[in-house]
Amino acid sequence: MSSRIFLNDTTLRDGEQAPGVAFTVAEKLEIAESLAAAGVPEIEIGTPVMGADEIDTIRAAVARGLPVRLTAWCRMTSEDFDAAVESGVPAVNLSLPASDIQLAAKLGLDQAGALQLIERMVGRAIASGFFVAVGCEDASRAERDHLARVIETAARAGASRVRLADTVGVLDPFSTFELVTQLAAQSPVDLEFHAHNDLGLATANTLAAIRAGARHASVTVLGLGERAGNAALEEVAAAMAVLQGADTGIDLTALPALAAEVAQAARRSIAATKPIVGADVFAHESGIHVAGLLKDPRTYQGLDPVLVGRCRRIVIGKHSGATAIAHVLSESGRDLDPDLAAAMLACVRRKAAEIKSSITAIQLVDLYDRMCSDAVGRDLGIG
Ligand SMILES: CC(=O)SCCNC(=O)CCNC(=O)[C@H](O)C(C)(C)COP(=O)(O)OP(=O)(O)OC[C@H]1O[C@@H](n2cnc3c(N)ncnc32)[C@H](O)[C@@H]1OP(=O)(O)O
Ligand SMILES: O=C(O)CCC(=O)C(=O)O
């Protein structure tokens, strides 16, 4: 068994469940193309039981012949299963709640009833030629023994994988690691972990699950998904590369364009601080940081921006130091006279505070030129 980790994308299923998000057919197909081009191995393309339009979209995606596995999310009902058959999708995530809370409240089922349903529905899907994964909704609040029985039953019925979902986002990296370690030790099939970001822990939990033995992780571009969303593809892929030196097969340089494409289709903006793809995450203003970076980028750069298709940006603002100002001026062929540096810094701080923003290189050069000519004027007695 290879040790490769698979990042399976569900932007087009759980991502689209984010409030107010509705992709057009063209957007779904283009995003699927971009995900495949970026090296994503599996795409959860939709929920066939939503109706004829969704089925047609899935059909169109299947017809593209992308080099990925396309899978569809289904409840464990005949209605959902028949819709999946109609869509022509080759793989299904057959989902059933695992926690007693959800089993009882939503379905009026007990654990034994759930196991019978899994056996029946997985058997049916296998007999119809599907690749089958079983989704355990609310696995994080499920009884551990029941989860182990679900995995065993799903495997016996022919499923290739079981997905453990932290549906309501209540795990932390420690509890995730403990849960997945225990289940992976006895699991005859691959495990996948599906995180939610309600406590801002989706990426951390996903890394913990992988460290504990999950070979697959569910991710979405920008972490788009129900409520606070899922684990972000770009964060998990970059963290796997940087922290674990693992090759997930994802082209990290494709991530910024992918994020921009999904943000536009979802009508969502990308926060400037969004790891990997946000506008400011490789920008530096503080004087001490810029002075350090210019001596050796490793001083204040844990992640090489080039690795993820980005570049470093030096910003002049309230917290700049003389080195940064001299650096930006030197890029337009100007030498900062040390006598002028303190006066320029004072002006820069005042201006940045006044406009509550950074100062562009053009503004800085203009300020420098004006200050130089004022100084010359004063020397000549005309200032
Ligand atoms: C955690 C997750 O992300 S789960 C995935 C969530 N995704 C979606 O909800 C996709 C979009 N949903 C839809 O289009 C619709 O809700 C549909 C087509 C799936 C169902 O529509 P409706 O028939 O109108 O049902 P409605 O949405 O009102 O209620 C959901 C039903 O699914 C049932 N259900 C939920 N999960 C499961 C399951 N895993 N297996 C079987 N039944 C389930 C609920 O008990 C409820 O049944 P009830 O009406 O008998 O109480
Ligand atoms: O069914 C699954 O595998 C996961 C469903 C889901 O999105 C969730 O529980 O958060």
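Here, residue 1 is the first one in the sequence, and each next residue gets the next number. Start at 1 and go down the list; that is how both ligands and their atoms are numbered. Worth knowing before you read on, the calculation uses all heavy atoms, side chains too, and leaves out hydrogens, waters and symmetry mates. Small disclaimer: the values here were computed from a predicted structure and weren't measured.
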Charged N to carboxylate O below 4.0 Å: is that the case for [X] and [Y]?
X: E27; Y: R267; value: yes
X: E235; Y: K274; value: yes
X: R75; Y: E137; value: no
X: R370; Y: D374; value: no

Task: First-shell residues of ligand 1 [heavy atom, distance under 4.0 Å] - done: R13, Q17, V49, M50, W73, R75, M76, T77, S95, L96, P97, K106, L107, E137, T167
Open item on the list: Using only atom types and a distance under 3.5 Å, with no angle test, would you say the side chain of R349 pairs donor to acceptor with the backbone of S320?
Closed with: yes
Open item on the list: I'd like to know if the side chain of E16 and the backbone of F23 have a donor-acceptor N/O pair within less than 3.5 Å.
Closed with: yes
TODO: May I ask you to check whether N93 and S95 show a side-chain donor-acceptor distance below 3.5 Å?
DONE: no
Open item on the list: We want to know whether N8 and E44 form a side-chain donor-acceptor pair, criterion being a heavy-atom distance below 3.5 angstrom.
Closed with: no
Task: Closest approach of C74 to V92 (non-hydrogen atoms, all atoms of both residues) - done: SG-CG1, 3.9 Å
Taking 4.0 angstrom as the limit and counting only heavy atoms of [X], give me the atoms of ligand 2 inside it, by number and element.
X: A165; value: 4 (C), 8 (C), 9 (O)
X: G135; value: 1 (O), 2 (C), 3 (O)
X: W73; value: 1 (O), 2 (C), 5 (C)

Open item on the list: Side chain, backbone, both or neither: which applies to D14 and ligand 2 if a contact is any heavy-atom pair less than 4.0 Å apart?
Closed with: side chain
Open item on the list: Checking contacts here: is it the side chain or the backbone of Q17 that comes within 4.0 Å of ligand 2, counting heavy atoms only? Could be both or neither.
Closed with: neither
Provide, to 0.1 Å, the distance between [atom] and the closest protein heavy atom, together with that atom's residue and name.
atom: atom 1 (O) of ligand 2; value: S95 OG, 2.6 Å
atom: atom 10 (O) of ligand 2; value: H196 NE2, 2.8 Å
atom: atom 6 (C) of ligand 2; value: H194 NE2, 3.4 Å
atom: atom 9 (O) of ligand 2; value: T167 OG1, 2.5 Å
atom: atom 3 (O) of ligand 2; value: R163 NE, 2.6 Å

TODO: Answer yes or no: does an N/O atom from E137 fall short of 3.5 Å to an N/O atom of ligand 2?
DONE: no
Answer whether the closest heavy-atom distance between the side chains of [X] and [Y] falls below 4.5 Å.
X: L222; Y: E234; result: yes
X: L191; Y: L164; result: yes
X: Q102; Y: T167; result: yes

Task: Whether R13 lies under 4.0 Å from ligand 2, heavy atom - done: yes
